[in-house]
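As structure tokens, the structure follows; a few thoughts come after it.
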Amino acid sequence: MTQEIKDLIEVSRFYGRDKEFVIAGGGNTSWKDDKYLYIKASGISLASIDEKGFCVLDRAKLNEISKLQFSADPVKREEEVKNALLNARTDPASGLRPSVETSLHNLFSYKYVVHTHSTLVNGLMCSNEAEKGSAGLFGEEALFVPYSDPGYTLYSLIAAEVIKYNAKFSRDPQIILIQNHGVFVAA
């Protein structure tokens, strides 16, 4: 096991064991290099994850997903996206399912990503003052994303916002706060 995966396990367990960060086991973590993305598989607990709990995906295949045309029907579209994610796995026989948020993890230029639905953050993200409160706490450094339907629609919105952020700051955001959803932190 590489040091990067050991570090990913340590970070995953740290956040997964603290109920202040992870509501009902929700959230996910990832690490990537140029070729592969390791992401917590759906249904695996962050609190007790080990190396076998990460779904490994081919980043070249993940990068192609954003270029595909999907159905306008939301149910069909999400099924198509799910199948595209499943097809990007390096080991389909593992039976591991990548998180529906895998494309968001792949979007970041940073190697590590932690996504949680913490009580404190979601208290702000689910309030009527989410955008104003985010700006007051983080200024322009954190990217605030207004509510959107989850899944590929949310990914597409965030991808467009990351492009704008990158044009302004010459780098990707390290914190993305998503209204009614949670937070992504990357490093």
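From Glu20, atom CD reaches atom OG1 of Thr119 across 5.5 Å, with rounding to the nearest 0.5 Å. Put simply, CD on Gln3 and CD on Glu10 are 8.5 Å apart, with the number rounded to the nearest 0.5 Å. Taking CD from Glu129 and OG from Ser134, the interatomic distance works out to 10.5 Å, rounded to the nearest 0.5 Å. Here CD1 of Ile44 is found 11.5 Å from OG1 of Thr29. Values are rounded to the nearest 0.5 Å. How far CG of Asp172 is from OG of Ser109: 3.5 Å, rounded to the nearest 0.5 Å. From Asn28, atom CG reaches atom OG1 of Thr116 across 9.5 Å, with rounding to the nearest 0.5 Å.
Under the 4.5 Å side-chain criterion, counting only non-hydrogen atoms from C-beta, Thr102 is in contact with Leu57. With contacts defined as side-chain heavy-atom distances shorter than 4.5 Å, the pair Leu154/Ile158 qualifies. Between Met1 and Ile9 there is a side-chain heavy-atom pair separated by less than 4.5 Å. With a 4.5 Å cut-off on side-chain heavy atoms, Glu101 and His115 count as touching. Between Asp7 and Lys111 the shortest side-chain heavy-atom distance does not fall below 4.5 Å. Looking at Val114 and Phe184, their side chains never come closer than 4.5 Å, going by heavy atoms from C-beta outward.
Cluster membership for Val100 and Val145, using ILVMFWY side-chain heavy atoms within less than 4.5 angstrom, is not shared. A continuous path of hydrophobic side-chain contacts links Leu143 to Leu157 [ILVMFWY only; heavy atoms under 4.5 Å]. Tracing side-chain contacts under 4.5 Å through hydrophobic residues (I, L, V, M, F, W, Y), one reaches Val162 starting from Leu37; they form part of the same cluster. Under a hydrophobic-cluster definition in which Ile, Leu, Val, Met, Phe, Trp and Tyr are linked whenever side-chain heavy atoms come within less than 4.5 Å, directly or via other members, Ile39 and Ile65 are assigned to the same cluster. Both Tyr110 and Val113 are assigned to one and the same hydrophobic cluster, defined by single-linkage of ILVMFWY side chains at heavy-atom distances under 4.5 Å.
Using the six-membered ring where Trp is involved, Tyr155 and Tyr152 have ring planes that are tilted, between 30° and 60° apart.
Other members of the cluster containing Ile163 do not exist, because no ILVMFWY side chain is joined to it at under 4.5 Å. Residue Leu124 shares its hydrophobic cluster (ILVMFWY side chains chained together at separations under 4.5 Å) with Val121, Met125, Leu137, Phe138, Phe144, Ile175, Leu177, Val183, Val185.
Applying the side-chain hydrogen bond (donor to acceptor under 3.5 Å, both in side chains) test to pairs two or more places apart or on separate chains, those with a residue in residues 138-151 are Glu140-Lys168, Glu141-Arg171. Listed by first and then second residue, the ring-ring contact (aromatic ring centres under 6.0 Å, His included) pairs involving residues 36-63 are Trp31-Tyr38 (not counting sequence neighbours).
Closest of all the heavy-atom pairs between Ile49 and Ser12 is CG2-CB, 3.6 Å. Scanning all heavy atoms of the two residues, the minimum distance from Ile5 to Glu51 falls at CG2-CG, 4.0 Å. The two residues Ser42 and Ser99 make their nearest non-hydrogen contact at OG-CA, 3.7 Å. Shortest non-hydrogen contact noted between Glu78 and Pro150 is OE2-O, 4.2 Å.
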What's the verdict on side-chain contact (heavy atoms from CB on, under 4.5 Å) for Lys32 and Asn106, showing C-alpha distance, side-chain angles and the deciding distance? CA-CA 8 Å; Lys32 64 183 156 297; Asn106 192 52; 4.3 Å; yes

As a quick check of understanding, evaluate side-chain contact (heavy atoms from CB on, under 4.5 Å) for Asp50 and Arg13, giving each step before the final call. CA-CA 9 Å; Asp50 61 20; Arg13 289 178 178 176; 3.9 Å; yes

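Listed by chain and number, the residues in a salt bridge (Lys or Arg N to Asp or Glu O under 4.0 Å) with Glu161 are Lys164 (sequence neighbours excluded). Residues forming a salt bridge (Lys or Arg N to Asp or Glu O under 4.0 Å) with Glu4 (at least two apart in sequence, or on another chain): none. Qualifying ring-ring contact (aromatic ring centres under 6.0 Å, His included) partners for Phe108, counting only residues two or more places apart in sequence or in other chains: none. Evaluation of the side-chain hydrogen bond (donor to acceptor under 3.5 Å, both in side chains) rule for Ser30 yields His105 as partners, not counting sequence neighbours. Contacts of Gln174 classified as side-chain hydrogen bond (donor to acceptor under 3.5 Å, both in side chains), with partners at least two apart in sequence or in another chain: none. For the side-chain hydrogen bond (donor to acceptor under 3.5 Å, both in side chains) test, residues two or more places apart in sequence or in another chain that qualify with Arg77 are Thr153. When the salt bridge (Lys or Arg N to Asp or Glu O under 4.0 Å) test is applied to Lys35, no partner is found at least two apart in sequence or on another chain.
With salt bridges taken as basic N to acidic carboxylate O contacts below 4.0 Å, none links Lys76 and Glu79.
Checked by atom type and distance alone, the side chain of Tyr165 never pairs as donor or acceptor with a backbone atom of Ser170 at under 3.5 Å. Panel note: side chain Glu80, backbone Ser71; a donor-acceptor pair is recorded below 3.5 Å.
The 12-atom threshold is not exceeded at CG of Leu120, counting heavy atoms of other residues, nucleotides or ligands nearer than 6.0 Å. By the neighbour-count criterion of 12 heavy atoms within 6.0 Å, atom CG of Asn128 is sparsely surrounded, having that number or fewer from other residues, nucleotides or ligands.
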Identify each donor-acceptor pair in which a side-chain atom of residues 84-98 lies under 3.5 Å from a protein atom, sequence neighbours left out, and give them as a table.
residue: Asn87; atom: ND2; partner: Asn83; partner atom: O; Å: 3.1
residue: Arg89; atom: NE; partner: Leu86; partner atom: O; Å: 2.9
residue: Arg89; atom: NH1; partner: Leu96; partner atom: O; Å: 2.9
residue: Thr90; atom: OG1; partner: Val56; partner atom: O; Å: 3.3
residue: Asp91; atom: OD1; partner: Ala93; partner atom: N; Å: 3.4
residue: Ser94; atom: OG; partner: Asp91; partner atom: O; Å: 2.8
residue: Ser94; atom: OG; partner: Leu96; partner atom: N; Å: 3.2

